[in-house]
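Notes for the one structure printed next.
We name chains A, B, ... by the order of the sequence lines, and we start the count at 1 in each one.
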Amino acid sequence: MSSPYAALGTLVYLIIPIVMLVAAIVAHRGKSFWATWLMIIGSSGLILAIALMAGAVFFTLQNLASSGGSGSTASAMSSGIIFSIIGGLCGFGGFLAYGVGLIGLCVRWGPTARRAAELEELTTSLISERSQASQSSVG
Amino acid sequence: MIGSLIGFAIPLGFGVSMLTCALLAHRGQRFWGTWTMLISSALAILGVIAMVALTIMQLNSVGYSSSESSEVLLALISLSILAYACGFVGICKRWPPISQTADDLEAQAAILAAERD
């Protein structure tokens with residue numbers, strides 16, 4: 001890490017997928033539909049991508065250490081490269097899936113919240129109408 | 001120069017889609033989560049625009065080094081995305097009761113309307 005700012009940026013990008021997964025699980029527990037499924041799959045893909053990238057670094061370092069200069073660097077890095085490619089694909093797919101899910105949830109959030117507010121007013125007015133009608137019939 | 005500027009199109013597009021989502025959510029119901037999403041997405045877009053400006057300045061002036069400023073901007077963008085994610089957690093936390101309330105009230109309103117008729 002060259003500076004504390006770069007370290008902060010890296011740390012934040014490690015935390016964000018976990019926060020994203022928490023948000024997806026919370027939304028999915030309430031009412032599940034295609035967007036919440038996509039968010040769960042996307043955030044899981046991102047976490048898997050981070051794990052694969054960490055695995056790539058680990059395997060590369062392990063292979064380089066075990067080869068001890070006798071083997072070629074390319075063979076030592078081959079498993080790391082495979083992990084990196086799979087991780088990159090997982091990360092890209094997860095990112096796209098989460099983005100589509102985020103848009104889907106936000107698109108549905110607006111009308112649902114408005115409908116809840118309107119129906120709350122309508123229910124209140126219907127209840128007050130009914131109570132007035134019952135009072136007048138008693139009177 | 002054009003190539004490096006095209007590279008900023010992806011984060012800029014991502015920032016715009018973040019802002020669109022925040023606006024969509026904010027139109028539905030305003031609370032701290034939607035405000036956080038709006039402010040953080042605006043900050044992220046501003047950060048990316050500042051990065052573009054910094055890159056143009058770097059490319060135009062020979063020997064001008066601004067790695068410290070780039071890192072500060074990168075940290076700002078990262079924190080903005082984290083704040084956006086926290087705001088989105090707020091929305092997701094409020095989503096179950098809102099959707100449940102909408103469903104319950106819809107059924108209740110239908111019953112009350114039928115009773116009135």
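Cluster membership check: B:Val89 shares its hydrophobic cluster with A:Leu102, using side-chain heavy-atom separations under 4.5 Å among Ile, Leu, Val, Met, Phe, Trp and Tyr. B:Ile81 and A:Val100 fall within a single hydrophobic cluster, where Ile, Leu, Val, Met, Phe, Trp and Tyr side chains are chained together by heavy-atom contacts under 4.5 Å. B:Val48 and B:Leu46 are not part of a single hydrophobic cluster, where members link through side-chain heavy atoms under 4.5 Å apart. Hydrophobic clustering (ILVMFWY, side-chain heavy atoms < 4.5 Å, transitive): A:Trp37 and A:Ile25 are in distinct clusters. Clustering ILVMFWY residues whenever any of their side-chain heavy atoms sit less than 4.5 angstrom apart, transitively, puts A:Val57 in a cluster other than the one holding A:Phe83.
The residue among A:His28, A:Glu120, A:Arg29, A:Glu118 with the most heavy atom pairs within less than 4.5 Å of chain B is A:Glu120. Here B:Ile98 is the residue among B:Ile98, B:Thr101, B:Asp104 with the most heavy-atom pairs under 4.5 Å with chain A. Chain B forms the most heavy-atom pairs under 4.5 Å with one residue out of A:Val22, A:Leu105, A:Ile103, A:Val107, and that residue is A:Leu105.
Heavy atoms of A:Leu122 lying under 4.5 Å from chain B belong exclusively to its side chain. With a threshold of 4.5 angstrom between heavy atoms, B:Met37 approaches chain A through side-chain atoms but not through N, CA, C or O. Proximity to chain B is limited to the side chain of A:Glu129, based on heavy atoms less than 4.5 angstrom apart.
From A:Leu126, atom CG reaches atom CG of B:Leu105 across 11.0 Å, with rounding to the nearest 0.5 Å. Note: A:Met20 CE to B:Leu82 CG = 11.5 Å, rounded to the nearest 0.5 Å. The NZ atom of A:Lys31 lies 4.0 Å from the CG atom of B:Asp103; values are rounded to the nearest 0.5 Å. One distance of note links CZ of A:Phe33 with OG of B:Ser99; it measures 9.0 Å at 0.5 Å rounding. A:Cys106 contributes atom SG, which lies 10.0 Å from atom CG of B:Leu23 (distance to the nearest 0.5 angstrom). The CH2 atom of A:Trp109 sits 5.0 Å away from atom CD of B:Gln29, with the distance rounded to the nearest 0.5 Å.
Nearest heavy atoms, A:Arg114 versus B:Arg27: NH1-O, 3.4 Å. Taking every heavy atom of both residues into account, A:Val26 and B:Pro96 meet most closely at O-CG, 3.7 Å. Nearest heavy atoms, A:Leu119 versus B:Ala102: CD1-O, 3.6 Å.
Around atom CZ of B:Phe31, more than 12 heavy atoms belonging to other residues, nucleotides or ligands sit under 6.0 Å away. Annotation for B:Trp35: atom CH2 does not count as buried by contact number, only 12 or fewer foreign heavy atoms lying within 6.0 Å.
Looking at A:Ile16 and B:Tyr84, their side chains never come closer than 4.5 Å, going by heavy atoms from C-beta outward. Annotation: side chain of A:Met39 is in contact with side chain of B:Cys92 (closest heavy-atom distance under 4.5 Å).
Using cut-offs of 30° and 60° on the angle between ring planes, the pair B:Phe88 and A:Tyr98 is perpendicular.
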